Amino acid sequence: TDVIDAESGAYGVVMRGRIPGVEEDVALKIYRDTHPDGTLAFDDAASAIRSMEQEVERARLLDKWGIGPQVHSFADCGGNPCFAMDLVEGTAVKPLYQEERWEDVAHVFTNDVIDQAYRGVRRAWDEGYASNDWQFIVTPEGRVVFIDAGDLAQRGRRVRGLPGRERASR
């Protein structure tokens with residue numbers, strides 16, 4: 001299995017893999033036991049599975065709204081629970097500005113990409129949702145695909161499992 005992004009977030013690692021019933025490679029999000037700093041991510045396995053189920057529900061919203069990858073199913077990844085979604089290849093935008101690669105940011109953010117990103121965020125907003133951490137990939141064809149629903153929640157509410165992290169405002 002090829003690692004796509006081993007630092008994808010506080011709770012999970014995304015890897016390239018295969019699942020029965022899907023011909024193409026998929027992205028497998030596997031929840032890890034600890035945060036990058038070594039602290040425990042979850043109190044127990046049941047908490048991790050509940051958190052993953054909630055993230056899958058949010059990811060399915062992105063898919064339903066036409067702005068995210070299709071979510072396929074839960075899977076077993078070497079004894080660890082994970083979920084599978086369409087693999088999206090392209091340029092992940094968040095690392096560009098985190099690494100201060102401003103020329104790359106300017107190249108990726110065409111007027112069309114800005115418009116698609118706006119329409120995606122606006123769609124979620126119109127449905128009553130917001131995020132403090134919008135993450136998307138721009139495909140080689142120029143399509144914006146929102147790839148992380150872990151921080152998506154109804155406006156004005158907290159994300160379950162992330163105490164103290166308030167939602168983007170009303």
Side-chain angles (χ1 to χ4, degrees), residues 1-19 22-32 35-36 41 48 51-75 77 80-101 104-110 112-155 159-162 165 167-168:
T1 303
D2 297 326
V3 174
I4 296 169
D5 183 356
E7 299 178 34
S8 63
Y11 294 96
V13 175
V14 178
M15 302 177 81
R16 178 186 307 262
R18 310 270 308 169
I19 61 169
V22 178
E23 290 184 26
E24 311 230 346
D25 285 356
V26 295
L28 298 168
K29 183 161 188 180
I30 305 168
Y31 273 32
R32 57 177 152 221
H35 293 290
S51 181
M52 183 177 285
E53 289 170 342
Q54 292 165 355
E55 184 170 353
V56 166
E57 287 175 26
R58 294 187 296 267
R60 286 194 169 128
L61 288 173
L62 297 179
D63 179 23
K64 174 182 159 188
W65 299 333
I67 63 173
Q70 179 182 355
V71 177
H72 294 285
S73 64
F74 285 99
C77 297
N80 295 307
C82 65
F83 68 92
M85 61 191 137
D86 282 351
L87 179 64
V88 179
E89 304 219 45
T91 303
V93 173
K94 186 174 181 178
L96 296 181
Y97 61 80
Q98 286 178 323
E99 297 165 10
E100 299 181 11
R101 294 169 44 197
D104 293 334
V105 169
H107 177 74
V108 169
F109 274 91
T110 65
D112 184 50
V113 165
I114 292 168
D115 184 59
Q116 287 181 64
Y118 164 77
R119 283 185 280 131
V121 171
R122 183 59 196 243
R123 174 67 193 264
W125 187 268
D126 289 347
E127 296 287 344
Y129 288 82
S131 175
N132 290 333
D133 190 26
W134 289 111
Q135 295 182 48
F136 60 89
I137 288 177
V138 179
T139 68
E141 301 78 32
R143 181 171 173 247
V144 170
V145 181
F146 289 84
I147 56 165
D148 191 339
D151 218 23
L152 184 68
Q154 289 182 325
R155 293 196 316 261
V159 174
R160 285 184 225 151
L162 301 177
R165 291 181 70 180
R167 291 276 98 268

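These numbers were taken from a predicted model, which means no experiment stands behind them. FYI, side chains are in, hydrogens and waters are out, and symmetry mates aren't considered; it's all heavy atoms of this structure.
The heavy-atom pair separating V88 from T139 by the smallest distance is CG1-CG2, 4.1 Å. Contact record, G90 with P140: CA-CD, 4.1 Å, taken as the closest heavy-atom pair. Smallest separation of non-hydrogen atoms from D63 and P69: CB-O, 3.4 Å. Looking at every heavy atom in both residues, G17 comes nearest to L28 through CA-CD1, 3.7 Å.
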Practice problem: Dump the intermediate steps for side-chain contact (heavy atoms from CB on, under 4.5 Å) on M85 and V26, then the final yes or no. | Solution: CA-CA 6 Å; M85 61 191 137; V26 295; over 6 Å; no
Quiz item: Can you check side-chain contact (heavy atoms from CB on, under 4.5 Å) on R119 and D115, steps first, answer last?
Solution: CA-CA 6 Å; R119 283 185 280 131; D115 184 59; 2.8 Å; yes
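Looking at heavy atoms from C-beta onward, Y97 lies out of side-chain contact with F109 at the 4.5 angstrom threshold. V71 has its side chain out of reach of E55: every pair of non-hydrogen atoms, C-beta onward, lies at least 4.5 Å apart. Side-chain contact between E57 and R60 is absent, with no heavy atoms from C-beta onward closer than 4.5 Å. Between L62 and R58 the shortest side-chain heavy-atom distance does not fall below 4.5 Å. Using a 4.5 Å heavy-atom threshold, the side chains of D112 and Q116 count as touching. Contact annotation: the side chain of F136 never approaches that of I67 to less than 4.5 Å [non-hydrogen atoms, C-beta and beyond]. Side-chain contact check for E24 versus L87: every heavy-atom pair is 4.5 Å or farther apart.
Shown are I137, L152, V121; of these, the side chain to side chain contact (heavy atoms under 4.5 Å, CB included) with F146 is made only by V121.
Between the CG atom in L96 and the CZ atom in R101 there is a gap of 5.0 Å [rounded to 0.5 Å]. Considering CZ of R16 and CD of E89, their distance stands at 4.5 Å, rounded to 0.5 Å. Interatomic distance, I19 CD1 to H72 NE2, rounded to the nearest 0.5 Å: 5.5 Å. How far CG of D104 is from CD of E99: 9.0 Å, rounded to the nearest 0.5 Å. Once rounded to the nearest 0.5 Å, the distance linking CD1 of I147 with NZ of K29 reads 9.0 Å.
Within the 3.5 Å criterion, the main-chain N or O of D133 finds a donor-acceptor partner in the side chain of S131.
Taking a cutoff of 4.0 Å between a charged side-chain nitrogen and a carboxylate oxygen, R143 and E141 do not qualify as a salt bridge.
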